[in-house]
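Keep in mind that the numbers below use all heavy atoms, side chains included, and drop hydrogens, waters and symmetry copies.
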Amino acid sequence: MDTYNFDTALLRLKEITESLESGEPDLEMSMKLYEEGVHLVAFCNKSLENAKQKVIELSEIAGGEENE
């Protein structure tokens, strides 16, 4: 997962979804793709949560400056 950033992870998830929906991969490959997708979803969720926390922190800083 270290080689991914949010955008590349999301793009890879799209590729995995399209591949699984096509029905082309065999069961073994489908399971590998599904597992990769689960890890990518977790990575994306963590990235979004980190970004959300950063926005909250910056908003609090900005709000504190307005009150001074």
Within 6.0 angstrom of [X] [atom1], more than 12 heavy atoms from elsewhere:
X   : atom1 : result
E28 : CD    : no
F6  : CZ    : yes
E24 : CD    : no

Hydrophobic cluster membership, V41 vs L11, 4.5 Å side-chain cutoff: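 Not linked; separate clusters.
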
Cluster check L20, M29: I/L/V/M/F/W/Y, side chain < 4.5 angstrom: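 Linked within one cluster.
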
Whichever hydrophobic residues join V55 through chains of side-chain contacts under 4.5 Å: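 ILVMFWY cluster around V55 holds nothing else.
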
Atom pair CG (D26) and NZ (K32), whose distance is rounded to the nearest 0.5 Å: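 It comes to 8.5 Å.
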
From CZ (F43) to CG (L10), nearest 0.5 Å: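 If I round to the nearest 0.5 Å, the distance is 10.5 Å.
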
Expected list for residues 12-19: side-chain donor-acceptor pairs under 3.5 angstrom, two or more places apart:
{"residue": "R12", "atom": "NE", "partner": "E36", "partner atom": "OE2", "Å": "2.9"}
{"residue": "R12", "atom": "NH1", "partner": "E15", "partner atom": "OE1", "Å": "3.3"}
{"residue": "R12", "atom": "NH2", "partner": "E36", "partner atom": "OE1", "Å": "3.0"}
{"residue": "T17", "atom": "OG1", "partner": "L13", "partner atom": "O", "Å": "2.9"}

side-chain hydrogen bond (donor to acceptor under 3.5 Å, both in side chains) between N50 and S47, worked out: CA-CA 5 Å; N50 290 342; S47 296; 5.7 Å; no

K46: partners by salt bridge (charged side-chain N to carboxylate O under 4.0 Å, His left out), with sequence neighbours left out: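 Counting only residues at least two positions away or on another chain, K46 forms no salt bridge (charged side-chain N to carboxylate O under 4.0 Å, His left out).
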
